[in-house]
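Given the structure is predicted, the values throughout are model-derived calculations rather than measurements. To find a chain, count down the sequence lines: A is the first, B the second, and so on, and within it residues start at 1.
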Number of protein chains: 2
Amino acid sequence: MAPRVSEDYKNRKRLELLRAAKQVFMKKGYTRTTMQDIMDEAGVSRGALYAYFDNIEHVYRELLRHEDEQELHFFDPDDTSTAWQQLTSWIQKQKKEIEAIERSLLLANSEFFLSIHSQPENESRRYLTDRYQRMAEAIVDFVQTGTARMELQPRLPAESIALYLISFIDGLMLDTFQLGPEKTRVSAQIDVLLFSLKEMLCPVEETASPS
Amino acid sequence: MAPRVSEDYKNRKRLELLRAAKQVFMKKGYTRTTMQDIMDEAGVSRGALYAYFDNIEHVYRELLRHEDEQELHFFDPDDTSTAWQQLTSWIQKQKKEIEAIERSLLLANSEFFLSIHSQPENESRRYLTDRYQRMAEAIVDFVQTGTARMELQPRLPAESIALYLISFIDGLMLDTFQLGPEKTRVSAQIDVLLFSLKEMLCPVEETASPS
DNA sequence: TTGAAAAACGACATTAGTGTCGTTTATAAT
DNA sequence: ATTATAAACGACACTAATGTCGTTTTTCAA
């Protein structure tokens, strides 16, 4: 169907394979997904898939990279809303994703993270370390911007708060896999998180009418 | 070495197998551990191991049960220290365990939890659900006891706080696997947690000298 | 002692996946 | 049309684990 093809063709094919992989990973998680599953979902042969990716770890890494590109800009400075509004809207987004956990990559992500742990210095390992630190830094920057704008008055180091926020979200995720969003009371927990962040960041109250 | 043996013998053997299993699980986590690994560590044959456990999932479930028996009594009422002291000492214990993550079962636990997710209604699944709820309940009871004793004045529902606490600890754990306790700044994050709990629970200050 | 019971052994059949590679097939340039 | 190229195919050899089961060994009771 395609010898001596353009870069563009290969790019599209690659994306199509990643799309198929995503489907499978969402359904089966990382550990139980096989190359065969992805071939079946994409409707291609063994040879075709292996022409694009060396092994499953590679597939997942590339998928993660691709997905991250979307996510990345959430904490970009934004002048139309306050720092606090921006933060809560990010948290709402996370909440939504956790509540629809079956239709997200969160399970696969966690499995992938754990599977990497034992490996020596490694492409995937490096990427994940980086990813974590990028995320943390984004939140730190964002807290500092908010502080500079006098919208926030942090009572703890921004970095600690950032890592804390990430930990909590990751943990809520992990627990929700096993038990479902009802048993873990996602909503109630998010309320607690917001309460604690308010205490830490002391956002200035937004009054409905600036009189 | 032991036909027609006493219940006691079988019990000891079983414990010895679990001890060996624990060693392996600490080192390799859950997913990568095989029955073979456990046989080697315990120095027994395939047949012997399978006489006690049906499969790895079964081994791990029994190990977890056994380990839990120890842990369980941490939140029992205690008249020699205040509720807040008790809580912080539990958190310290968690912190220690996370910092020595390589010598604990935490990684294996997380992997096990995730591996269970996909399974249908299941012995392991039921046990984990139960375990989570037992833990939550223990913390709730404990907060309520503290409240009754006038040592705590919770500003949020005890159950929400309990689940929140569990989520955070689980998340910190998960992140620390990938990155090690330095990169996740375990200490700093625990500080944030304590800060937030103080705000939620409003423990009465302990004065050094009740004058 | 001795022999029945069952604990422990370990070879084996089975299952499930991986990554390779010789072959087939579609495409685009000539 | 023809043909060089390389994409796609899929059989295959290999690896690694699982759970079973006939055999061997050990212990305890008679």
Exercise for review: Find the distance Arg14(A):CZ to dA7(D):P and express it as a whole number of Å.
Suggested key: 15 Å

Practice item. Would you check if there is a donor-acceptor pair between the side chains of Gln189(A) and Ser167(B) at a distance under 3.5 Å? Key: yes

Check your understanding: Can we say Lys13(B) and Glu16(B) salt-bridge, meaning some charged N sits less than 4.0 Å from an Asp/Glu carboxylate O?
Key -> no

Exercise for review: Measure the CG-CZ distance between Asp79(B) and Arg149(B) for me, rounded to the nearest 0.5 Å.
Suggested key: 5.5 Å

Exercise for review: Nearest whole angstrom, please: distance from the C1' of dG19(D) to the CD of Glu57(B).
Suggested key: 15 Å

Study note, to complete from the structure: Rounded to whole Å, CD of Glu7(A) lies from C1' of dA6(D) at a distance of 13 Å

**Study point:** Atom pair distance, as rounded to whole Å: CE in Met35(B) and C1' in dT18(D)
**Key:** 9 Å

Practice item. For the pair Glu97(A) and Lys93(A), find out whether any cationic side-chain nitrogen is under 4.0 Å from an anionic carboxylate oxygen. Key: no

Check your understanding: Do NZ/NE/NH1/NH2 and the carboxylate oxygens of Glu199(A) and Lys198(B) come within less than 4.0 Å?
Key -> no

Review point. Is the Tyr60(A) ring parallel, tilted or perpendicular to the Phe112(A) ring (thresholds 30°, 60°)?
Key: tilted

Exercise for review: Could you tell me whether the phosphate oxygens of dA8(C), OP1 or OP2, come under 4.0 Å of any side-chain nitrogen or oxygen in Lys13(B)?
Suggested key: yes

Review point. Can you check whether Tyr9(B) has a side-chain N or O nearer than 4.0 Å to OP1 or OP2 of dA8(C)?
Key: yes

Check your understanding: How many Å lie between CG on Asp8(A) and P on dA7(D), as a whole number?
Key -> 14 Å

Revision key, fill the gap. note: Lys10(B), atom NZ; dT27(D), atom P; distance rounded to Å ~ 16 Å

**Study point:** Members of residues 37-55 of chain B that approach DNA chain C, where some heavy atom sits under 4.0 Å away
**Key:** Val44(B), Ser45(B), Arg46(B), Gly47(B), Ala48(B), Tyr52(B)

Check your understanding: Tell me: CG of Asn11(A) to C1' of dA7(D), nearest whole Å?
Key -> 16 Å

Review point. Can you tell me how far C1' of dG17(C) sits from CZ of Arg32(B), to the nearest Å?
Key: 17 Å

